[in-house]
Amino acid sequence: MPDPLLADLTEPQRQAVLHTEGPLLVLAAAGSGKTRVITRRIAHLVRTGAPPWSILALTFTNKAAGEMRERVASLLGEGAVARGLTVTTFHSLCARLLRRYAEAAGLGQIRGDFTIYDTADQTALVKKVLAALELSGTNWPPRSVLSAISAAKNDLMDAPAFAAHAGDFYSKTIARVYTQYQKALTAANAADFDDLLVLTARMLRERGDIRGECQGRWRYLLIDEYQDTNRAQFVIAGLLAGGAAGGTGFQPASTPNICVVGDPDQAIYGWRGASISNILDFESQYPGCRVIKLGENFRSTAPILSVADTLIRSNKIRKHKDLFTKRAGGQPVEVVLTADERQEARLVSDWLRALHAGSGLGKGAPGQEATGSGTAWKDMAVFYRTNSLSRVIEDELRASGIPYVIARGTAFYQREEIRNALAYLRVIANPADEVSLLRVANTPPRGIGDAGIQALEVHAARTNVRMLDAMRGAGDIPGISGRSRGGMTKFVAMIDAWTGAGTFMGAGITGSLADLAARVVKESGLEGMYQAQAKTSGSESDAERLENLNELISSAAEFELEYDAAAEPGPAHPEDAAPPLLSLLRAYLESISLVADADMTDPDQGVVTMMTLHAAKGLEFAAVAMVGLEEGLLPHSRARESDADLEEERRLCFVGITRAMRRLLVTSAKHRTNRGLLERTIPSRFLGEFGPGVLVSDRSEEGARHALADDGPGWSPSPARGPEAQYPIGSLVRHPQFGLGQVVAVTAGAAARADIRFRDVGVKTLILEYARLKRVDL
DNA sequence: TAACAGGCAGTTTTT
DNA sequence: CTGCCTGTTA
């Protein structure tokens with residue numbers, strides 16, 4: 001009697017499902033049925049007797065985790081999932097482990113009720129630190145400082161270690177900031193995204209008991225998209241598996257049941273610290289591990305696959321693997337050159353509309369369902385390299401009445417009014433959270449100004465109390481004006497009223513999260529503030545803010561309905577249990593902190609999806625349009641310095657192509673308006689690597705709005721030279737602001753600069769990429 | 001203290 | 001073009 005779990009699998013797929021004991025590496029090419037294998041494997045494990053709670057599957061996005069959970073549930077029934085099967089993201093898992101064990105582990109930095117700081121919070125905090133260290137924000141852009149710190153953390157380097165390695169002035173300064181930043185996080189009882197991983201890795205490494213508990217529970221470990229793991233994730237995986245991770249010297253418990261799935265050709269997170277070597281070295285890390293390659297593609301037509309395969313062969317640092325399909329036929333891939341981004345957008349929108357109307361799509365490979373009626377909107381997508389490209393497309397789709405969504409899961413929570421409301425909630429959940437406190441202490445204005453805050457901060461630091469508690473005694477603090485004092489007293493009273501002075505008991509304290517959110521929105525004065533704004537300005541966007549606040553309350557209500565307290569990790573000691581409302585609030589805030597852009601793509605919305613190439617990974621669509629195939633955009637200008645960067649860009653392009661099942665349109669605009677400036681572009685070198693069989697057309701004549709001469713062929717590999725080559729020493733240039741000048745020195749490299757002596761304003765050093773210079777002596 | 005104007009700098013991808 | 005930061009004024 002054939003097992004229905006195995007019946008429709010290919011031989012390699014079947015092998016991967018059946019290999020349950022001992023390490024397993026599955027190299028799964030794009031579209032090779034990876035998710036199917038993973039879910040069947042989990043189902044098979046359960047069928048053959050593994051308790052669901054002993055299985056841990058890790059993904060990178062909530063969406064991937066959700067899908068996996070759903071598919072397992074449909075194979076086994078909801079019951080199995082309910083019996084403790086853990087399918088979650090790395091970051092969620094770490095957050096949960098830390099909530100449960102952080103205090104017991106004596107990590108020092110955080111307690112179980114910590115707040116997760118997102119990029120905006122991190123920026124606010126690092127700015128404070130920079131100010132305190134008297135470093136100017138222009139010389140030390142918070143963004144770059146944070147990315148240096150993040151890189152260190154991803155490499156599991158803490159502040160003391162970083163300081164120890166810092167040799168030059170730059171690193172030494174970063175080390176000082178890193179140290180203070182970490183101290184500030186500790187004071188705020190907060191962890192940034194990277195900390196979630198770093199602290200978990202440290203905890204599992206240092207605490208054999210906790211590690212043992214985890215290993216004891218999760219006997220089967222499965223990790224998806226393994227090619228995108230960074231060092232911290234790699235170490236966590238190794239420690240959970242019970243293997244000897246990263247040379248830390250632990251004895252493997254036995255041969256660990258760790259199964260990793262990935263595709264080196266789809267590694268696109270190198271910039272975030274991911275290292276392909278984690279997957280490439282898996283075999284040597286776990287000697288005797290089984291390796292299974294899934295090469296047959298079940299997703300795309302032959303022409304699409306051929307383009308993808310030809311392109312990716314241009315990568316030199318690569319283990320070749322055949323990508324093939326048994327199906328023949330299919331429409332050719334279309335490459336279209338347009339005059340500019342507006343024509344490009346129009347072309348994409350026309351293309352989508354034509355497919356929707358039913359021209360052509362069903363005539364693909366035999367065996368495909370003939371969709372004479374056209375492609376549904378939800379089966380189409382538009383991909384772009386950078387978010388900024390979405391605007392023109394969006395305008396065009398809206399104008400032509402095509403329904404669409406932009407996959408920007410985080411956008412809602414980034415809005416000013418939402419961040420304000422959430423900041424209040426976060427202060428309730430974690431009174432030490434200074435970033436949130438400072439954000440709303442005077443929002444809406446209640447008379448607390450900079451001077452008042454300054455005095456309060458000094459006092460709090462001196463007396464070693466939390467700022468919120470310092471506010472309670474504002475009357476006794478010297479240097480605070482009466483007006484400020486009044487505002488602070490009101491502020492504290494308000495928070496106390498919401499929390500029952502921290503007890504979450506008493507009259508007027510409900511157990512409902514939605515009620516709490518509603519009270520906060522109203523009683524904080526946010527609602528009134530935005531109402532007033534909407535009335536005076538009468539603008540649409542101000543009215544929208546009020547709607548958004550209501551939507552936030554609804555989202556809290558929704559979360560509350562779905563929340564399962566029993567599924568939460570209890571504290572290590574039951575007597576530490578927080579009031580139910582507080583636990584609910586923290587879980588809610590955590591879920592918000594960990595949403596990703598990709599999470600918001602709901603396949604059932606019946607609309608075209610627009611998203612970045614990064615967000616597209618793991619998805620598939622019947623028809624895909626990829627725009628902006630231009631030098632500087634894809635490959636991105638920031639990523640063509642090294643071969644490694646360039647190859648990652650090529651993989652990104654590969655990922656985009658391989659999302660398409662039946663139709664693929666790739667566009668490149670000859671001119672593009674950048675920051676209000678029309679620029680001529682060079683077609684992406686990748687177009688020249690698509691191989692034969694693509695259908696190329698140049699439609700730029702039809703859309704030409706300006707009389708700029710067209711030169712040259714569609715594309716040829718662009719000369720790989722930086723902008724500095726265009727501005728030799730001595731050349732004359734014009735700058736929109738500084739006027740005429742002469743180049744006196746040039747430095748090539750990442751950010752090529754030139755020293756230019758201007759006739760009127762003297763010598764200036766400019767970054768060529770942004771300087772908007774024009775040669776005037778040619 | 002709050003609101004506003006004007007100058008300036010920065011441009012990727014995200015858990 | 002945008003958003004951020006600074007400085008000015010009521």
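Each chain gets a letter, A, B and so on, in the order its sequence line appears, and its residues count up from 1. Just so you know, these numbers use all the heavy atoms, side chains as well, and skip hydrogens, waters and symmetry mates. Predicted model only: the values in this text are computed from it and were never measured.
Note on A/Asp118: nothing from the nucleic acid sits closer than 4.0 angstrom, heavy atoms only. In this structure, A/Lys617 reaches neither bases nor backbone, as no heavy-atom distance under 4.0 Å exists between it and the strands shown. Here A/Tyr269 lies in heavy-atom contact (under 4.0 Å) with sugar-phosphate atoms only. Using a 4.0 Å heavy-atom criterion, one finds that A/Asn674 contacts no nucleic acid atom at all. If you check every strand for non-hydrogen atoms under 4.0 Å, A/Phe60 touches sugar and phosphate atoms only. Across all strands, A/Arg391 comes closer than 4.0 Å only to sugar-phosphate atoms, never to a base (heavy-atom distances). Residue contacts shown for A/Ser484 are limited to sugar-phosphate atoms, with no base heavy atom under 4.0 Å away. Here A/Ala639 lies out of heavy-atom contact (under 4.0 Å) with every strand.
Nearest nucleotide to the side chain of A/Arg272, out of B/dT15, B/dT12, C/dC5: B/dT15. Taking the side chain of A/Lys127 as heavy atoms from C-beta on, and the options C/dC5, B/dT15, B/dA2, the nearest nucleotide is C/dC5. Here B/dT12 is the nucleotide among B/dT12, B/dT15, B/dA2 with the atom lying nearest to any side-chain atom of A/His636. Comparing B/dT14, B/dT11, B/dT15 by their nearest atom to the side chain of A/Trp271 picks out B/dT14.
Between A/Gln414 atom CD and B/dT14 atom P the separation is 11 Å, expressed in whole Å. Rounded to an integer number of Å, the gap from CG of A/Leu646 to C1' of B/dT12 is 15 Å. Rounding to whole angstrom units, CD of residue A/Gln233 and C1' of B/dT14 are separated by 12 Å. One can place CG of A/Leu634 at 11 Å from C1' of B/dT12, the figure rounded to the nearest angstrom. Between A/Glu416 atom CD and C/dC4 atom P the separation is 10 Å, expressed in whole Å. A straight line from CG of A/Asn230 to P of B/dT14 spans 16 Å, rounded to a whole angstrom. Rounded to an integer number of Å, the gap from CD of A/Gln454 to C1' of B/dT1 is 14 Å. Rounded to whole Å, atom P of B/dT13 lies 16 Å from atom CZ of A/Phe383.
A donor-acceptor contact under 3.5 angstrom links the side chains of A/Tyr530 and A/Glu416, judged on distance only.
Distance check: A/Phe193 CZ to A/Ser150 OG gives 10.5 Å after rounding to the nearest 0.5 Å.
Checked against the 6.0 Å centroid criterion, the rings of A/His614 and A/Trp271 qualify as a close aromatic pair.
Nucleotides of DNA chain B nearest to A/Thr61 and A/Ile453 differ in position, and the one nearer the 5' end is that of A/Ile453. Heavy-atom nearest nucleotides on DNA chain B were determined for A/Leu652 and for A/Gly452, and the one closer to the 5' end corresponds to A/Gly452.
Applying the 3.5 Å distance criterion, the base of C/dT2 shares no donor-acceptor pair with the side chain of A/Arg675. For B/dT13, the base has a donor-acceptor partner in the side chain of A/Arg385 [N/O atoms by modelled type, under 3.5 angstrom].
Judged by ring centres under 5.5 Å apart and planes tilted less than 30 degrees, A/Phe90 fails to stack against the six-membered base ring of B/dT15. Both geometric conditions, a ring-centre gap below 5.5 Å and a plane tilt below 30°, are not fulfilled together for A/His614 over the base of B/dT13.
Proximity of A/Thr612 to the phosphate of B/dT12: no side-chain N or O atom is located under 4.0 Å from OP1 or OP2. In this structure, A/Arg446 does not reach the B/dT1 phosphate: none of its side-chain N or O atoms is under 4.0 Å from OP1 or OP2. Regarding contacts with the backbone of B/dT11, every side-chain N or O of A/Asn387 stays at 4.0 angstrom or more from both OP1 and OP2.
Salt-bridge check for A/Asp192 with A/Lys153: passed, with a basic side-chain N closer than 4.0 Å to an acidic carboxylate O. Salt-bridge formation is not detected for the pair A/Asp265/A/Arg651: no Lys NZ or Arg NE/NH1/NH2 atom is positioned less than 4.0 Å from an Asp or Glu carboxylate oxygen. Salt bridge status for A/Arg342 with A/Glu396: absent, with no side-chain N to carboxylate O gap under 4.0 Å.
For the P atoms, the distance linking C/dC4 with B/dT13 amounts to 15 Å, nearest Å.
Under the 6.0 Å distance and 45° angle rule, A/Arg446 does not count as a cation-pi partner of A/Phe491.
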